[in-house]
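Since the structure comes first, as structure tokens, the remarks are kept for the end.
Sequence lines set the chain letters: A, B, ... in the order given, protein chains first and strands last, and positions in each chain run from 1. A quick note: this is a predicted structure, and the numbers were derived from the prediction, not measured.
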Amino acid sequence: MNHQSKGNKYVCPNDRQLSLRAKLRTGWSAARSEPPLTPSERDAIAAVVKRAEKLEEVEAKRIGRLVARLEGMRRSAQGPAPRTCLLCGETARLLAPLRTCAICRNSACPKCVIDTPPHRSPLSREQYMCNLCAETREMWKKSGAWFFKSLPKYVLPERRTTGRYTDSELSRTLQDGGNSSNEGKTDSEPGSPLSIHAPTFSRQASSIERRSISSPHDTHYEWSETDILSHGFSGLSLHRTDSLNQRPLAGLKRTGSKGSAYSLRSIRKDMPKPNNQIERPPTIPDAGFGTLEIKLAYDNATSSLAVTVLRARGLIGMDMTGLSDPFCRLEVLPREGTYSNRLRTKTVHKTKNPEFNETVHFFGITESDLTVKSIEIVLFDDDKYGCDEMGSATVALRECAKSPAQLRLALSVSSGSEPTGPRILLALCYNTKKRALVVIVCRGAELPPRDSNGYSDPFVKLHLDPDPYHKKHKTSIKWRNLNPVWNEEFCFETRPTELSRQNLTLTVWDKDYGKPNDFLGSLILGATSKGRRLKHWMDCIKFPDHRHEQWHSLTDTQHL
Amino acid sequence: MAKTYDYLLKLLLIGDSGVGKTSILFRFSEDAFNISFISTIGIDFKIRTIDLDGKKVKLQIWDTAGQERFRTITTAYYRGSMGIMLVYDVTNEKSFENIKNWIRNIEENASADVEKMILGNKCDLDSKRQVSKERGEQLAIEYQIKFVETSAKDSLNVEYAFFTLARDIKAKMEKKQEASNPAPRSGAHQLRANEQQRKPTSWLSRCSLL
């Protein structure tokens, strides 16, 4: 133990840090005084490392299975929509009210939530967690990501554990038309020559590079599952730039896959190529809400209908910047029984011209169904405060008899601009004399019944956020009424410049004695809201001293 | 499919050369003891799957060489470990003093929220004892780390030590997950907190007096 005298030769005596290192001989000062490893030692260490790598591989596969499972759940989730279950799309019923997930604040039916064990505070007697959040949490724990603060490297399983069919199987059935039977992974030619109108395929391959801290021996797993085919019209070059950081073909490496829950899902690849596309589908005049391009394919063997949502063009803008976060919800109509067969695509963020390129599959569609049923595609703007409809289109299923049936549909807002379901009529007016925002709560309609007599006793609470005066208001209670008329006026002192930073929050409650009030719905108006709510708010700022009256649908999530 | 497990925890054993790290691991993984001293070359690891509160927990325990010439290799494994066991020899004063250096080494190289534990090994050799149990406990209190005296030879507290460390890591994991709940934002968050509690349990519990 004479390292003290030996080490000091290399260490500045004033440098405490270094002298400490020298004592432990971890740093550079130690390295030179030691003999190098002998070949046998090196071999022994290499053997251990190899053994460890084998274990890492097993672990990577295990995490891959967890990831795939979660992804499958995400894909089959219906997505947040007002008054329906986040996961199964079930609508709220009296005996089975929707629960609010404590984490994502979305509502889900009792079948799709779990009770979280009451911890610490016995006051919060009920805490629900939707299956999606629970699964995410479980995955985070099981993969060790909780410790490393990011997902360790993983290898997705070959076969999807979630679906009845693997992607490649399905793509093969889709390509039955006799064209190229290329797998999405293996074809690397930039697309066969097509007619002038047909989209050219520019290929961008990518994979996710995992930062692996778990082991010092870093082997990058190439993740070829997430190959993305991005389509762009020749000349228009519409490349999507969303949260996924895309780079032109640069090996199979991509960095960064953070992002919201819904952007984490892998993107469907294996797009069937429209090689044998003969004629251009007839274009329908645009009704002002943009167009949507889809492709239908029916497979007799599996009695499944594959709907490929290719892209939408010229959608209406919903937020402040005039952009939208569109996603499609697809449903085969008419429904059979109460079972809802709704599927949704991923959300493409901040665009009016989204490229979805996603195929969804409806199973159990018989051939006779093809003649009578139709598919409804509704575009929604993804918003955590309730989704706004941006347009919808309906196609009869017999269209898929033409193969491959590529269609361009004009979107229309079918249900009119007035919202349905639980809603509230509000009048806003900025009074320049009073220097205050005057909110008139006019009336509510189709409020959900919460009392056993089939009625509710509704009242509205409202406040501005942030408000320096912390004013809170309440309307009177309208007893036994699902379509109450209040016509009550409230003032919030504020400046018009402040107004663009403030949000007006309304919550509707059912008054109960002897037990807590029931929540009926909520609404947030502000510059950060979207669609109709945004328009209403901006109108109010732009044209002061005018009364702006508008219906708004209520969301049943108690968001902030 | 192979026997699967719920969690994989990576543990690490560090301490001076000859304190008995390999013996402890040998006792835990194979339940055996070898009297002869074979110095570990660089690194090694052993696997054991344990059952912890109904969950299958696979422990991958890294055994490091105490010798200084392997220090560069062994420190590379600090960052990946979720729990570290610091081992000293109760019959060796120097190895006990070096624990402080090892802790400093952990602070420099390991992940910040790594779970630690001090083991005083060879507690069966009471006649040769140089470090009393109290001193070990004192040190553990100083650093707020759990401490236990073990004997790989007599199989004393070895199981307990690993189970305790694994349980501590698991508890930390649960706590972290709970803490990861999005904290309510400022402003109207109190409102929401109240609203949360007001949700009725079910229609049955409702009062019919309206």
Do the side chain of R51(A) and the main chain of K46(B) share a donor and acceptor less than 3.5 angstrom apart?
no
With sequence neighbours excluded, tell me which residues meet side chain to side chain contact (heavy atoms under 4.5 Å, CB included) with E135(A).
R69(A), L70(A), M73(A)
Measure the shortest side-chain to side-chain distance between F147(A) and K176(B) over non-hydrogen atoms and say whether it is less than 4.5 angstrom.
no
Tell me, for K55(B) versus chain A, whether the close heavy atoms (under 4.5 Å) come from the side chain, the backbone, both or neither.
side chain
I169(B) versus chain A, heavy atoms under 4.5 Å apart: side chain, backbone, both or neither?
both
Taking C-beta and beyond as the side chain, do F148(A) and R79(B) meet within less than 4.5 Å on heavy atoms?
no
Measure the spacing between CE of M82(B) and CH2 of W146(A) and express it to the nearest 0.5 Å.
5.5 Å
Looking at K141(A), K142(A), R62(A), which hits side chain to side chain contact (heavy atoms under 4.5 Å, CB included) with D6(B)?
K142(A)
Distance check, rounded to the nearest 0.5 Å: I45(A) atom CD1 versus T74(B) atom OG1?
9.5 Å
Got I73(B) and L37(A) here, is their nearest side-chain heavy-atom distance under 4.5 Å?
yes
Relative to chain B, which of E138(A), E41(A), R42(A), H470(A) shows the most heavy atom pairs under 4.5 Å?
E41(A)
Side chain, backbone, both or neither of L55(A) within contact of chain B (heavy atoms, under 4.5 Å):
side chain
